[in-house]
Amino acid sequence: VPPVAIIGAGGHARETLDIFEAVNEGTPTWQVLGWLVESAFAGAGTLVNGHPILGDLGWLAGRTDGLQLVCAVGDPGVRRRLVLRAQSYGGRFCSVVHPRASVGRWVRLGEGVVVAAGAVVTNGVVLGDHVHVNVGCTVSHDVTCAAYSTLSPGVHVAGRVQVGEGAFLGIGASLIPDVVVGAWSVVGAGAVITRDVPPNSTVVGVPARVVRERSPGWQEG
Ligand SMILES: CC(C)(COP(=O)(O)OP(=O)(O)OC[C@H]1O[C@@H](n2cnc3c(N)ncnc32)[C@H](O)[C@@H]1OP(=O)(O)O)[C@@H](O)C(=O)NCCC(=O)NCCS
């Protein structure tokens with residue numbers, strides 16, 4: 001079975017380990033080697049949920065053994081930065097879907113996608129690279145989630161919605177059909193999105209209103 005390392009070792013990363021372990025309970029599919037972290041997190045060898053911290057991303061340099069990665073950091077901007085660094089060392093990404101998620105046959109997944117337990121992704125959906133769909137989300141027909149977009153637990157996305165690159169949908173948000181969520185925007189917990197969300201903005205409430213606008217590229221700051 002191919003070796004896999006998880007980038008990150010925080011709460012969301014531990015939840016991602018749970019997904020790999022649930023897959024392995026059915027059919028041994030992955031050999032989880034451990035965690036890759038930014039050097040300040042904890043020293044190599046420290047055990048997290050029984051798996052060692054391997055080191056920082058430099059640990060990837062020169063590996064040619066078919067190692068696969070997922071980046072299990074919740075913040076989309078940080079996730080993108082770590083993915084690009086891992087790729088600069090030749091890192092390759094896999095996707096992982098919890099056996100108790102339902103992902104339809106006509107769904108396309110990019111690489112580095114994480115789909116958690118209880119998520120239901122129906123028909124004609126595209127989940128781009130490094131998209132995370134957390135526990136209990138529903139994603140309806142013909143939805144597109146661009147790279148790095150993030151659905152927190154219990155988000156409900158109606159048909160034909162387009163979620164832009166790096167958009168972060170807070171816990172329990174709901175999106176009505178056909179809305180477009182701009183890239184690198186943030187949707188507050190519990191918001192109901194009834195109209196398009198401009199890029200780089202924060203929206204909250206029912207119905208959601210813009211409460212903050214940021215400059216393009218803010219996520220890299
Ligand atoms: C929307 C959010 C990002 C705003 O964070 P922030 O930029 O730090 O903004 P603030 O906390 O200063 O809030 C700004 C205003 O919006 C209000 N507000 C914040 N979040 C809100 C929400 N989810 N719904 C309604 N109003 C909200 C605040 O009360 C505040 O109002 P005020 O100016 O009248 O006092 C954050 O509150 C949020 O909802 N994050 C989602 C987190 C999440 O779901 N994580 C997933 C974990 S699994």
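Both counts, for ligands and for their atoms, begin at 1 and track the order of listing.
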Atoms of ligand 1 less than 4.0 Å from [X] heavy atoms?
| X | value |
| --- | --- |
| Ile171 | 43 (C), 44 (O) |
| Ser152 | 46 (C) |
| Gly188 | 1 (C), 23 (N), 39 (O) |
| Arg212 | 7 (O) |

Can you confirm whether some protein heavy atom lies under 4.0 Å from [atom], or whether none does?
| atom | answer |
| --- | --- |
| atom 7 (O) of ligand 1 | yes |
| atom 14 (C) of ligand 1 | no |
| atom 26 (N) of ligand 1 | yes |
| atom 39 (O) of ligand 1 | yes |
| atom 44 (O) of ligand 1 | yes |
| atom 30 (C) of ligand 1 | no |
| atom 2 (C) of ligand 1 | no |
| atom 11 (O) of ligand 1 | no |

I'd like to know whether [atom1] of [X] has more than 12 heavy-atom contacts from other residues, nucleotides or ligands below 6.0 angstrom.
| X | atom1 | value |
| --- | --- | --- |
| Arg85 | CZ | yes |
| Glu213 | CD | no |
| Arg212 | CZ | no |

Trp30-Val103 co-clustered via ILVMFWY side chain contacts under 4.5 Å = no

In plain terms, say whether [X] and [Y] are close enough for a salt bridge, that is, a side-chain N and a carboxylate O under 4.0 Å apart.
| X | Y | value |
| --- | --- | --- |
| Glu111 | Arg92 | no |
| Arg14 | Glu21 | no |
| Arg160 | Asp142 | no |

Heavy-atom distance under 4.5 Å between the side chains of Asp75 and Tyr148, does that happen here?
-> no

For His156 and Thr138, does a side-chain donor sit closer than 3.5 Å to a side-chain acceptor?
->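 Yes, a side-chain donor-acceptor pair sits under 3.5 Å.
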
Examine distances only and state if a side-chain atom of Trp218 and a backbone atom of Trp184 form a donor-acceptor pair shorter than 3.5 Å.
-> yes

Counting only N and O atoms by type, is there a donor-acceptor contact under 3.5 Å from the side chain of Thr27 to the main-chain atoms of Val23?
-> no

Can you find an N/O atom of Val186 closer than 3.5 Å to an N/O atom of ligand 1?
-> no

Please state which protein non-hydrogen atom is closest to [atom] and give its distance, to 0.1 Å?
| atom | value |
| --- | --- |
| atom 42 (C) of ligand 1 | Phe168 CE2, 4.2 Å |
| atom 48 (S) of ligand 1 | Pro153 CD, 3.6 Å |
| atom 4 (C) of ligand 1 | Thr202 CG2, 4.5 Å |
| atom 18 (N) of ligand 1 | Val204 CG1, 4.2 Å |

Measure from atom 23 (N) of ligand 1 to every heavy atom in Gly11, Ala189, Ala191, Gly170 and give the option owning the shortest one.
-> Ala189

